[in-house]
Amino acid sequence: MLSASMVIVLRIAHVVLGVLWVGAIVFMAAFIIPTVRAVPTGGAMMQHIMDVRRLPAWLAVSAIVTVLSGVTLYWNASMGFTPAWLGSGPGRTFGAGGALAIIALIIGLTVNNPGGRRLSALGATIRASGKPPTPDQVAELDRIQKRMMLSTRVIAVLLVLATTAMAAARYVG
């Protein structure tokens with residue numbers, strides 16, 4: 001099993017990066033994406049957030065470290081995934097929360113990251129042309145934005161549920 005100091009380091013990483021991940025996703029789903037779609041200059045702001053501030057990289061790293069530290073803490077708490085602990089109230093609840101977070105991570109890595117790269121590339125192409133976007137480009141931008149908006153909302157719900165499970169797990173009988 002892990003030393004007490006290692007558990008503390010993992011818990012700090014798990015909680016701090018998990019808060020960053022969940023908070024950023026909920027903020028994006030509730031405020032940033034709807035605003036970007038509603039405001040004419042929203043695309044430029046989102047381009048800056050994605051390309052200059054590198055939000056996708058920050059989210060990916062925080063999500064991956066959160067999940068990996070969580071799995072390690074789960075392994076440690078369960079004494080090596082022992083069936084008795086996994087079947088307990090806390091074991092089932094931590095497990096369900098972890099599964100929701102892993103699903104959210106997979107959606108983020110397979111839908112949002114490629115979608116964000118595609119939006120950035122399409123935006124760069126449009127800017128390089130020096131002309132307004134073509135109807136096909138507008139349709140493509142809209143399609144990608146709608147898909148990313150939906151997936152971000154799904155991820156936000158999954159992460160809020162995962163966080164709720166993690167917060168309550170110790171108290172589930």
Side-chain angles (χ1 to χ4, degrees), residues 12-74 93-169:
I12 290 169
H14 185 71
V15 171
V16 171
L17 293 174
V19 166
L20 172 67
W21 181 29
V22 175
I25 292 296
V26 170
F27 188 70
M28 292 285 293
F31 298 101
I32 299 295
I33 294 173
T35 301
V36 165
R37 291 186 53 80
V39 175
T41 58
M45 182 193 79
M46 189 58 118
Q47 181 99 25
H48 183 82
I49 289 171
M50 302 300 255
D51 295 342
V52 177
R53 305 303 300 174
R54 301 184 37 89
L55 181 65
W58 281 95
L59 289 176
V61 168
S62 65
I64 290 166
V65 172
T66 298
V67 167
L68 291 177
S69 61
V71 169
T72 305
L73 289 166
Y74 190 65
T93 308
F94 277 124
L100 293 170
I102 289 168
I103 293 166
L105 173 62
I106 291 167
I107 294 169
L109 293 177
T110 61
V111 176
N112 285 17
N113 276 1
R117 284 193 301 274
R118 180 68 186 125
L119 278 178
S120 291
L122 189 54
T125 300
I126 292 167
R127 282 190 308 283
S129 75
K131 301 175 188 172
T134 67
D136 286 344
Q137 289 171 326
V138 170
E140 178 74 0
L141 286 169
D142 189 56
R143 184 188 68 74
I144 296 168
Q145 287 174 349
K146 284 180 179 174
R147 183 173 182 197
M148 288 182 67
M149 185 169 52
L150 175 61
S151 64
T152 301
R153 287 179 177 164
V154 168
I155 293 167
V157 169
L158 291 170
L159 290 177
V160 167
L161 292 172
T163 303
T164 302
M166 299 297 165

What heavy-atom pair brings [X] and [Y] nearest, and what distance separates the two atoms?
{"X": "Pro114", "Y": "Leu109", "value": "CD-O, 3.4 Å"}
{"X": "Ala104", "Y": "Leu159", "value": "CB-CD2, 3.7 Å"}
{"X": "Trp21", "Y": "Ala63", "value": "CE2-CB, 3.3 Å"}
{"X": "Asn113", "Y": "Pro56", "value": "OD1-CB, 3.9 Å"}
{"X": "Leu20", "Y": "Ser62", "value": "CD2-CB, 3.9 Å"}
{"X": "Ala29", "Y": "Ala156", "value": "CB-CB, 4.1 Å"}

Within a reach of under 6.0 Å around CZ of Arg147, are more than 12 heavy atoms found that belong to other residues, nucleotides or ligands? no
Arg37 atom CZ, over 12 foreign heavy atoms within 6.0 Å: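 For Arg37, atom CZ is crowded (more than 12 foreign heavy atoms under 6.0 Å).
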Is the backbone N or O of Gly18 less than 3.5 Å from a side-chain atom of Thr66, with the two atoms forming a donor-acceptor pair by type?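 Yes.
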Spell out, as yes or no, whether a donor-acceptor pair under 3.5 Å connects the side chain of Arg143 to the backbone of Ala139. no
Flag the pair [X] / [Y] as yes when at least one side-chain heavy-atom distance between them is below 4.5 Å, and no otherwise.
{"X": "Leu141", "Y": "Ile126", "result": "yes"}
{"X": "Gln137", "Y": "Thr125", "result": "yes"}
{"X": "Leu119", "Y": "Met50", "result": "no"}
{"X": "Leu158", "Y": "Ile107", "result": "yes"}

Nearest 0.5 Å please: distance from the [atom1] atom of [X] over to the [atom2] atom of [Y].
{"X": "Met28", "Y": "Leu55", "atom1": "CE", "atom2": "CG", "answer": "5.5 Å"}
{"X": "Leu17", "Y": "Ile12", "atom1": "CG", "atom2": "CD1", "answer": "11.0 Å"}
{"X": "Thr110", "Y": "Leu105", "atom1": "OG1", "atom2": "CG", "answer": "9.0 Å"}
{"X": "Gln47", "Y": "Arg127", "atom1": "CD", "atom2": "CZ", "answer": "4.0 Å"}
{"X": "Ile49", "Y": "Ile32", "atom1": "CD1", "atom2": "CD1", "answer": "5.0 Å"}

Can you tell me which residue among Thr152, Thr163, Val160 is in a side chain to side chain contact (heavy atoms under 4.5 Å, CB included) with Val26?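 Exactly one candidate clears the test, Val160.
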Sole candidate of Arg153, Met46, Gln145 that passes side chain to side chain contact (heavy atoms under 4.5 Å, CB included) when paired with Ile33: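 The side chain to side chain contact (heavy atoms under 4.5 Å, CB included) with Ile33 is passed solely by Met46 among Arg153, Met46, Gln145.
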Dump the intermediate steps for side-chain contact (heavy atoms from CB on, under 4.5 Å) on Leu59 and Asn112, then the final yes or no. CA-CA 11 Å; Leu59 289 176; Asn112 285 17; over 6 Å; no
Could you walk me through whether Met45 and Val39 pass the side-chain contact (heavy atoms from CB on, under 4.5 Å) check? CA-CA 10 Å; Met45 182 193 79; Val39 175; over 6 Å; no
